Amino acid sequence: MIIDIHTHLLNFTDFGAQLREDLTRSGISHDIWTYSEEDYLEATKEADRVIVFGLKAIKTGWNVQNETVADFVSRHNKKYIYFASIDPYQQNFMQDLKYNHLNLECKGVKLGPIYQGVHPCDKKYYEIYDYCEKNKLPVITHMATTFSSGVPLDYARPYHIDAVACDFPKLKLVLAHLGHPWEAETIAIIRRNENVYADISALYYRPWQFYNAMRLAVEYNCCHKLLFGSDYPATTTKKSIDGLKNINDIIKNTGLPLIPEDVTEGIIYSDSIGLLF
């Protein structure tokens with residue numbers, strides 16, 4: 001079974017002015033953020049199960065409505081799993097979390113300190129972590145760099161999650177994008193904390209960085225803590241699978257050590273649902 005744990009269902013009309021300016025400044029096409037529900041279904045068809053979320057981050061211009069994602073999942077709930085995006089920058093964030101859990105039946109939570117403008121160890125996030133731990137809701141959090149501006153890059157450093165994991169040892173946490181460009185920090189954290197994992201979404205198209213990160217995970221013997229994800233619409237499930245399978249192309253004829261096939265296959269077919277729920 002292939003489980004894609006990192007996909008976005010959103011609409012460009014939910015993007016604020018700052019976000020649109022950041023996309024333009026960074027040379028990222030606006031076109032990939034405008035797609036239909038049919039496009040999303042096609043892009044994730046290779047996966048057997050898919051975790052899907054929007055992103056609420058008023059500080060940096062993201063305002064994707066959770067209700068839109070929840071409605072989609074309610075119509076496709078045999079395959080898709082709804083995670084609610086909760087923004088601690090908003091005054092009523094805990095009411096929003098409880099509503100999404102109890103009324104919209106989210107199965108987990110999506111956070112992003114570098115987008116939401118709140119330090120990952122802030123007391124507001126601690127309220128979210130506490131609720132999620134008590135209610136067995138896994139958390140996927142963006143602990144990696146981004147093109148969005150206006151929030152200190154330090155908020156994205158994966159090492160902050162080590163303290164969170166110590167304070168909430170039963171909380172299931174996934175660090176998105178293997179914490180790039182701080183993959184070594186992420187590997188150290190997932191290795192030492194039982195319930196902390198990382199996904200490999202949106203990495204394969206930086207092949208040299210991806211190869212080196214995976215070699216480090218092999219050498220630290222923690223590849224079993226790496227979960228498959230794509231980061232649609234940045235890329236698709238199939239392209240992400242192909243990217244993993246072709247990870248050694250960058251080192252052909254160099255004599256550098258390979259990423260073993262059983263490692264890449266293990267990630268593609270990782271039982272994320274069994275690990276997180």
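Fair warning: this is a prediction, and the values are worked out from it, not measured in the lab.
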Any chance you could lay out the side chain to side chain contact (heavy atoms under 4.5 Å, CB included) test for Phe210 and Ile250, step after step, and finish with the verdict?
CA-CA 10 Å; Phe210 188 32; Ile250 191 76; over 6 Å; no
Worked verdict on Leu10 versus Leu55 for side chain to side chain contact (heavy atoms under 4.5 Å, CB included)
CA-CA 8 Å; Leu10 45 77; Leu55 182 58; 5.7 Å; no
For the hydrophobic clusters of this structure (ILVMFWY residues joined by side-chain heavy atoms under 4.5 Å, transitively), does one cluster hold both Val109 and Ile161?
yes
Report whether Leu19 and Val151 are members of the same hydrophobic cluster (ILVMFWY, side-chain heavy atoms less than 4.5 Å apart, transitive linking).
yes
Where do [X] and [Y] come nearest, in terms of heavy atoms and distance?
X	Y	value
Arg20	Thr13	NH2-CA, 3.8 Å
Val174	Leu227	CG2-CD1, 4.2 Å
Tyr35	Leu9	OH-CA, 3.4 Å
Pro260	Leu258	CD-O, 3.4 Å
Ala156	Trp182	O-CZ3, 3.6 Å
Ile247	Met214	CD1-CG, 3.4 Å

Please check: side-chain N/O of [X] versus main-chain N/O of [Y], any donor-acceptor pairing under 3.5 Å?
X	Y	answer
Arg49	Ile81	no
Ser230	Tyr232	yes
Asn193	Val196	no
Asp199	His177	yes
His119	Tyr155	no
Asp87	Tyr89	yes
Asn195	Leu171	no
Asn100	Asp96	yes
Asp48	Ile2	yes
Gln116	Ile86	yes

Take Asp162 and Glu185 through the side chain to side chain contact (heavy atoms under 4.5 Å, CB included) test and state the conclusion after the steps.
CA-CA 9 Å; Asp162 187 59; Glu185 284 183 20; over 6 Å; no
Over 60° means perpendicular and under 30° means parallel, so classify the ring planes of Tyr115 and His142, tilted if in between.
perpendicular
Please round to the nearest 0.5 Å and tell me the distance separating atom [atom1] of [X] and atom [atom2] of [Y].
X	Y	atom1	atom2	answer
Leu275	Lys225	CG	NZ	9.0 Å
Gln65	Ser85	CD	OG	10.5 Å
Ile189	Tyr159	CD1	OH	10.0 Å
Thr186	Leu216	OG1	CG	10.0 Å
Thr60	Gln18	OG1	CD	6.0 Å
Ile200	Leu244	CD1	CG	4.5 Å

Please check if the distance between the ring centroids of [X] and [Y] is under 6.0 Å.
X	Y	value
Tyr80	Tyr40	yes
Phe53	His6	yes
His101	Tyr131	yes
Tyr82	Phe72	no

Tell me, yes or no, whether the heavy-atom count around [X] atom [atom1], taken from other residues, nucleotides or ligands under 6.0 Å, exceeds 12.
X	atom1	value
Asn221	CG	no
Gln91	CD	no
Phe277	CZ	yes
Glu265	CD	yes
Lys79	NZ	yes
Arg191	CZ	no
Lys172	NZ	yes
Glu194	CD	no

I want to check something: taking the side chain as every heavy atom from C-beta on, are [X] and [Y] in contact at a cut-off of under 4.5 Å?
X	Y	result
Leu104	Glu67	yes
Leu153	Thr145	yes
Cys121	Tyr129	no
Leu226	Ser270	no
His8	Pro233	yes
Tyr204	Asn246	no
Leu175	Thr141	yes
Phe83	Ile5	no

Below 4.0 angstrom, N of the basic side chain to O of the carboxylate: do [X] and [Y] qualify?
X	Y	answer
Lys124	Glu127	no
Arg25	Asp22	yes
Asp154	Arg157	no

Donor-acceptor side-chain pairing of Tyr197 and Ser272 below 3.5 angstrom
no
Donor + acceptor pair across side chains of Asp4, Thr44 (<3.5 Å):
no
side-chain contact (heavy atoms from CB on, under 4.5 Å) with Phe168: which of Leu173, Asp130, Val139?
Asp130
Does the salt bridge (charged side-chain N to carboxylate O under 4.0 Å, His left out) test come out yes or no for Arg215 and Glu219, once each step is laid out?
CA-CA 6 Å; Arg215 274 307 311 172; Glu219 291 165 11; 3.5 Å; yes
Verdict with reasoning, Thr264 to Phe228, per side chain to side chain contact (heavy atoms under 4.5 Å, CB included):
CA-CA 10 Å; Thr264 55; Phe228 178 76; over 6 Å; no
Show your working on side chain to side chain donor-acceptor pair (under 3.5 Å) between Ser36 and Asp39 and close with a plain yes or no.
CA-CA 5 Å; Ser36 67; Asp39 293 331; 3.1 Å; yes
